[in-house]
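To start, the structure itself, in structure tokens.
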Amino acid sequence: MRMSQFFLPTLKETPAEAQVVSHQLMLRAGMIRQTSAGIYAWLPLGWKVLQKVAQIVREEQDRAGAQEMLMPTIQSAELWRQSGRYEAYGKEMLRIKDRHDREMLYGPTNEEMITDIFKTFVRSYKDLPKNLYHIQWKFRDEIRPRFGLMRGREFLMKDNYSFDLDVEGAKLSYRKMFLAYLRTFARMGIKAIPMRADTGPIGGDLSHEFIILAETGESQVFCEKRWLDLDVLADDPGYDSDLKDFFAKYTSLYAATEEMHDAATAPAELETARGIEVGHIFYFGTKYSAPMGAVVTGPDGNPVTVEMGSYGIGVSRVVAAIIEASHDSNGIIWPDPVAPFHVAVVNLKADDAECARVSEEVYAKLQAAGVDVLLDDRNERPGAKFADMDLIGIPWQLTIGPRGLKNGVVELKRRATGEKQELPVEAALAKVTG
RNA sequence: CGGGGCGUAGCGCAGUCUGGUAGCGCGACGGUUUUGGGAACCGUAGGCCGGAGGUUCGAAUCCUCUCGCCCCGACCA
């Protein structure tokens, strides 16, 4: 992408309405535009990041055996009456009426709908287990939306639903998602810690919130420091195992949110921090399958009400949470896997023939190599270019200027560390693509 | 929903108390000089002062109503 043509409305000053750093930086970096309280349009840069995050979620869901589908945002109130939640849900649910005065709603979640779809088609235990997901916009009419995308009203969520014949199967499905979530966040370059969550009336120990540590987090969390040293991607036993050992290892360390924290049972040496919830997994048995009649015929010919679980990742919130966890005073520092561009080629002097020639050549080579590259070919002053690049947080900045070219070198800067080195063009290319 | 605050140019703000023909900085546009960390100078454009009523000779400013947004609390990916 050429910056001279890219729709990237960056701001020098921080808009007054933004209080938290992720909101401020997303506005300044030209990623989003608020259209109503808690509702945002995603501009090209933001949309690129959102899609990268969604794609990692998608790949890990697929890898864990879940299947992608897409359910609508608008649902019928009828479905929710079957589960009893239409009355129970309260004002967070946006209720609307169509032209025939039929009661509809903008879905805050999809348990009812997926259960309805499931029961229509699945009749035999032989069809189990099943795990279905979609990545779709949700709406929850929060009393007070705030913190930009951290607590919006409309948000993009990956939600999936597992269906099993028995509790043991449901627990295995749960452990698979537990692993999938750890892998998902690890791949995004962030440390999300699973913390025991309230299971409400269901009871048991099968609900975890996945929390990212960040100073601006909404809730107080407590965990053992050793958590931060675990390497999930290295520990991954694969989905063919029963995952019991893995699950045991990753739930043995203490980690709890404020609500679940119990100083009496907690170890003495505890890390206290602020946390942002980015995912939540939940086993809930027959809470929906029973009232909605999701029943299959078991091996013995008798009907079995299926065991269900649901699993959510706040995809749009993750984007904000990553910024909360990874920024400095100059702007965003994207972890490589979710960065909107891998490298920015900064032509320091756009009207200099040699600078332009080398920049274009580097740009073309990187594109040919399949690298997501942004070329700053604007006729701006160097300071403005550097400031923009730091602001939008591209992991590598490859600066091409007349001073360096005279000596046959370009400057390669790593956004995360600020480390700069002068290299011949080919060496810089190798470093960026390697 | 309770409590607090704010709506004036694209963005950040002053002006409101004490009514008198709307201003500053940044940004945009044109020009000249510049060019390795958000340049300098000259010039230009841009505002029903959120909206509707009212008071007044006269309202951004006072009164009433309304809409929107932000912050603090109870809810949540």
Side-chain angles (χ1 to χ4, degrees), chain A residues 9-20 23-24 27-28 30 33-39 53 57 88-93 107-110 135-160 181 185 192 197-198 200 208-212 218-219 257 259 275-282 310-321 329-331 346-352 355 376 378-391 397 399-407 409-411 413 418 420 422:
Chain A
T10 58
L11 267 30
K12 200 160 158 182
E13 291 171 290
T14 301
E17 77 259 23
Q19 307 299 319
V20 299
H23 191 196
Q24 294 173 341
L27 290 169
R28 286 193 54 211
R33 163 76 180 175
Q34 179 168 332
T35 60
S36 305
I39 303 180
V53 169
V57 170
Y89 212 90
K91 289 189 172 174
E92 277 71 40
M93 180 186 283
T109 178
N110 285 63
I135 299 174
Q136 177 64 290
W137 294 94
K138 304 290 190 291
F139 194 93
R140 293 184 191 171
D141 199 0
E142 299 285 340
I143 297 171
R144 183 157 84 87
R146 61 183 127 170
F147 306 143
L149 282 159
M150 301 262 286
R151 175 87 63 87
R153 292 196 292 174
E154 189 184 52
F155 55 96
L156 189 62
M157 181 164 101
K158 185 284 301 174
D159 45 321
N160 61 313
Y181 272 40
F185 296 120
D198 190 6
H208 286 87
E209 291 178 0
F210 287 76
I211 307 274
I212 289 180
E218 289 187 84
S219 51
T257 58
E259 302 83 59
I276 302 165
E277 182 184 356
V278 288
H280 197 160
I281 59 178
F282 207 109
S310 72
Y311 317 86
I313 291 178
V315 177
S316 48
R317 176 185 280 184
V318 164
V319 174
S329 59
N330 293 326
V346 181
N347 179 355
L348 267 197
K349 201 165 156 91
D351 54 3
D352 179 279
C355 285
D376 191 348
R378 297 172 303 166
N379 193 16
E380 289 289 338
R381 300 173 62 82
K385 296 192 174 206
F386 292 134
D388 268 339
M389 286 308 164
D390 284 351
L391 175 61
Q397 293 173 21
T399 300
I400 296 170
R403 207 173 71 191
L405 285 186
K406 228 180 290 174
N407 303 315
V409 295
V410 295
E411 182 188 277
K413 174 179 159 182
K420 300 173 190 170
E422 302 215 313

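Throughout, protein chains are lettered first and strands after them, A, B, ... in sequence-line order, and every chain is numbered starting at 1.
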- [ ] Under a 3.5 Å limit for both distances, which nucleotide forms a Watson-Crick or G-U wobble pair with B/C26, could you say?
- [x] B/G10

Open item on the list: Applying the Watson-Crick and G-U wobble criteria at under 3.5 Å, what pairs with B/A45? Answer none if nothing qualifies.
Closed with: none

TODO: Name the nucleic acid region contacted by A/K413, choosing base, sugar-phosphate or nothing; use a 4.0 angstrom heavy-atom cut-off, strictly under.
DONE: base

Open item on the list: Please name the nucleotide paired to B/A77 by Watson-Crick or G-U wobble geometry with both distances under 3.5 Å, or report none.
Closed with: none

TODO: Assign a letter to each nucleotide of nucleotides 68-77 of chain B from its 5' end: B, base within under 4.0 Å of a protein heavy atom; S, sugar-phosphate only; -, no contact.
DONE: -SSBBBBBBB

Task: B/G20 and B/A60, which share atom name P, separated by this distance in whole Å - done: 9 Å

Open item on the list: Is any side-chain heavy atom of A/R146 closer than 4.5 Å to one of A/V20?
Closed with: no

Open item on the list: I need a per-nucleotide contact map over nucleotides 23-36 of chain B, read 5' to 3'. Cutoff is protein heavy atoms under 4.0 Å; write B for the base, S for backbone only, - otherwise.
Closed with: --BSS------BBB

- [ ] Any strand is fair game: report the nucleotide pairing with B/U56 by Watson-Crick or G-U wobble, both distances under 3.5 Å, or none.
- [x] none

Open item on the list: Let's test this: given Watson-Crick or G-U wobble pairing with both distances under 3.5 Å, identify the partner of B/C69.
Closed with: B/G5

Open item on the list: With rounding to the closest Å, how many angstrom separate the C1' atoms on B/U18 and B/C76?
Closed with: 48 Å

- [ ] Return the value, rounded to whole Å, for the distance between atom CG of A/D376 and atom P of B/G38.
- [x] 15 Å

Open item on the list: Taking B/C67 as the reference, what is the distance to B/G50 when you measure between their C1' atoms (whole Å, please)?
Closed with: 7 Å

Task: Base-pairing assignment for B/U18 (Watson-Crick or G-U wobble, both under 3.5 Å) - done: none

Task: Min side-chain heavy-atom separation A/T257-A/I211 under 4.5 Å - done: yes

Open item on the list: What's the gap between B/G54 and B/A59 when it is taken at their C1' atoms, as a whole Å value?
Closed with: 11 Å

TODO: Kindly give the heavy-atom pair with the smallest separation between A/H280 and A/A197, and that separation in Å.
DONE: NE2-CB, 3.7 Å

Task: Note, A/C355 side chain near A/L348 side chain (heavy atom, < 4.5 Å) - done: no

Open item on the list: Tell me if the side-chain of A/R28 makes a donor-acceptor pair with the base of B/G38, cut-off 3.5 Å, by modelled atom types.
Closed with: yes

TODO: State, yes or no, whether a side-chain contact exists between A/E218 and A/R151 at a heavy-atom distance under 4.5 Å.
DONE: yes

Open item on the list: Between B/C63 and B/C17, how far apart are the two C1' atoms, rounded to whole Å?
Closed with: 15 Å

Open item on the list: Strictly by Watson-Crick or wobble contacts shorter than 3.5 Å, is anything paired with B/U61, and which nucleotide is it?
Closed with: none

Task: Any side-chain donor near an acceptor of the partner, A/Q397 and A/T399, under 3.5 Å - done: no

Open item on the list: Roughly how many Å apart are B/A14 and B/U8, using the P atom of each and rounding to a whole number?
Closed with: 11 Å

- [ ] Quick one: label A/D388 by what it contacts on the DNA or RNA (base, sugar-phosphate, nothing), any heavy atom closer than 4.0 Å.
- [x] base

Task: Distance, C1' atom - from B/G7 to B/A52, rounded to whole angstrom - done: 16 Å

- [ ] Mark yes or no for whether A/E154, through its side chain, and A/I39, through its backbone, hold a donor-acceptor pair below 3.5 Å.
- [x] no

TODO: Side-chain contact test, heavy atoms from C-beta onward, threshold under 4.5 Å: evaluate it for A/D141 versus A/K91 and give yes or no.
DONE: no

- [ ] In whole angstrom, give me the gap between the C1' atoms of B/C70 and B/G53.
- [x] 27 Å

- [ ] State, with a plain yes or no, whether a side-chain heavy atom of A/T14 is found less than 4.5 Å away from one of A/L27.
- [x] no

Task: Beyond-backbone contact of A/F386 with A/N330, side-chain heavy atoms, under 4.5 angstrom - done: no

